[in-house]
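Presented below is the structure to which this report refers.
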Amino acid sequence: MTTTLPSVDQVWGWLAEVPDPEIPVISVTDLGIVREVFFEGDTLVVAVTPTYSGCPAMAVIDIDIQSHLATKGLHSVRLDRRLSPPWTTDWITEEAREKLRDYGIAPPIDGTAGTDVMAARAARMSGTSNLVVSCPRCGSAATEKVSQFGSTPCKAAYRCTDCLEPFDYFKCI
Amino acid sequence: MSSPSDMNTGDVVELAAKEAAQQDVPDHHVTDVALKPAFFDWLCRMGDTTLILGHRTSEWCGHGPALEEDIAQANIALDLIGHTQMWLGLAAEVEDEGRTADTLAYLRDAMKFRNLLLVELPKGDMAVTIMRQFLFDAWHHDYLGKLTGSSSPRVAEIAAKALKEVTYHLERSSDLVVRLGDGTDASRRRMQDALELLWPYTGEMFVSDEVDRAIAEAGIAPLVEDLHADWTETVTEILKEATLELPSGTAYAQKGGRTGRHTEHLGFVLAEMQFLQRAYPGASW
C-alpha cells in the first residue's frame, strides 16, 4: 500500500495554524522559528530554532507542532533543533507585526539589535539614541522604557507618557 | 549512567533523543579521541560557569527589590540556564558515556564542577549581584564574540546564539553599575565594597592551563590571557563613569574553580540545586 504524502507547501499551511503558546495571536511560522520542512522517506522533518536559548516554551512548541500535524494524519514527524543561524526578530513577518500591535505589543524595530554594545550604551546614556517605540494603543512616540525585561524574555516593559498605557515591546535580538 | 533526562516527561525525553540523533552540523572535534578529555573539561567550564551563575541569579526570584528587577534577574537566570543546556549537552555528547546535560548538572559533586570561583560566591546584596554580573558579562561578551569564529562549528553556533543574549546582559549590568556607583552615598559605598570583595576573583578569568592550551591549539577558543586587555579597558571605562575606584591590589588572584578546587560556598549551592534528584532519583513532574 502506498500512502500519498502531503506536499511541503501543505505542511507549511498547517504549521501556520500552530499558535505561539505565549503570544497566541501569532503562529510559529509568523514568528519565523520554523526554518525548514522536508520529507526524509515517509518521515516529515521540521527544523525549529529557539527564540531565546532558555525559552521554556520550546518544549511546548515541539509538542504543539507534533500534535497538530497528527490531527492532519502525519504521525511520523521528527523535530530538529537548529541553532544556526541564530533566530532574529527580523524574521517576524509583516503580517505578524500588525497582529502584535493589535494585541497591544509594540513590534520589534528591525536593525536595532545591539551589536556594538558599548557604542549603543554611550548613545543611550548621552540621550542620542534614536530608538522610537510607538505606543500600540494611541500611536504616540512619547514612550519610555520601564525595564529591559517584560512579561516574557523576548519583551521589554514600556509606558506611553501621552495615554499612560503600560505595554510590552518585542525587543530586537 | 544510563538514565536519560530525569526532569522531563516522556514525550520531551523522546524529542530530546530525536534531536540528539540529528545533530547535522559536521564537527570533527566532537569525535576526536585525543582531544576528548580537554574538550569535555573545557565545555564543563563553560557550562558549569553559566549554570552556577544562573542558579545564583535565580535566588533573587521572588526577592527582588522591585518587580522589574525581580523579573530581570529571573530572565537573565533563564538565559544562563539555556546556555548551560547547550554547553553541557555538547559536553555529554563529546564524552559519549550516556550522560546528559541534566545528569551532569544534577549528579556530579563539587570537585567535578569546573566553574569560575567568581560565580559561586553568595549573591550578597544587590550591589554584589550587579557588580559580579558586570565583571562577568564584560568577560563573557568578549569571549563569546571570539568563540563565534571557533574552528568547532558546534561551539561557534552555541556562542552565536548566547552572544545575542549576553549583549543585553552587559548593556543592563553596565548601566546599573553606573547608576548605582554614581548614585547616592549609600549605593556608591555598597558598590565600592562589592568591587573590593569581588576583585580578587576576577584574575581567574584570564589564567590558562593545559586544558586551555590544548583547546587553543585545536583552534576552538583563544587563550583567556588574550581577553585581559579589552576587559580591563571596558571595566576601567565603566567604573570611571560610575565614580568608583579600581582596586589597587591586582597581584593576587583567587583561583582553582576551573580545576575543581572550590570555595566552601559551592557545596551549599549544589545541596539546594541537586536535592530533589539526590533524594528522589529520577523524579519528574
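We name chains A, B, ... by the order of the sequence lines, and we start the count at 1 in each one.
For a residue to count as touching a neighbouring chain, one of its non-hydrogen atoms must lie under 4.5 Å from one of that chain's; by this rule B:Ile81 does not touch chain A. Interface remark: A:Thr88 contributes backbone and side-chain atoms alike to the contact with chain B (heavy atom separation under 4.5 Å). For chain B, no part of A:Ser67 is nearby; none of its heavy atoms comes within less than 4.5 Å. Interface remark: A:Pro50 contributes backbone and side-chain atoms alike to the contact with chain B (heavy atom separation under 4.5 Å).
The two residues B:Leu147 and B:Pro222 have their closest heavy-atom pair at CD2-CD, 4.0 Å.
Between A:Phe170 and A:Trp87, the angle of the ring planes lies from 30° to 60°, which puts this pair in the tilted group.
Take B:Glu68 and apply the salt bridge (Lys or Arg N to Asp or Glu O under 4.0 Å) test, not counting sequence neighbours, and it matches no residue.
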Donor-acceptor contacts under 3.5 Å from residues 12-24 of chain A side chains, at least two apart:
unit_1: A:Glu17; atom_1: OE1; unit_2: A:His68; atom_2: NE2; d: 2.8
unit_1: A:Asp20; atom_1: OD2; unit_2: A:Glu22; atom_2: N; d: 3.0
unit_1: A:Asp20; atom_1: OD2; unit_2: A:Ile23; atom_2: N; d: 2.7

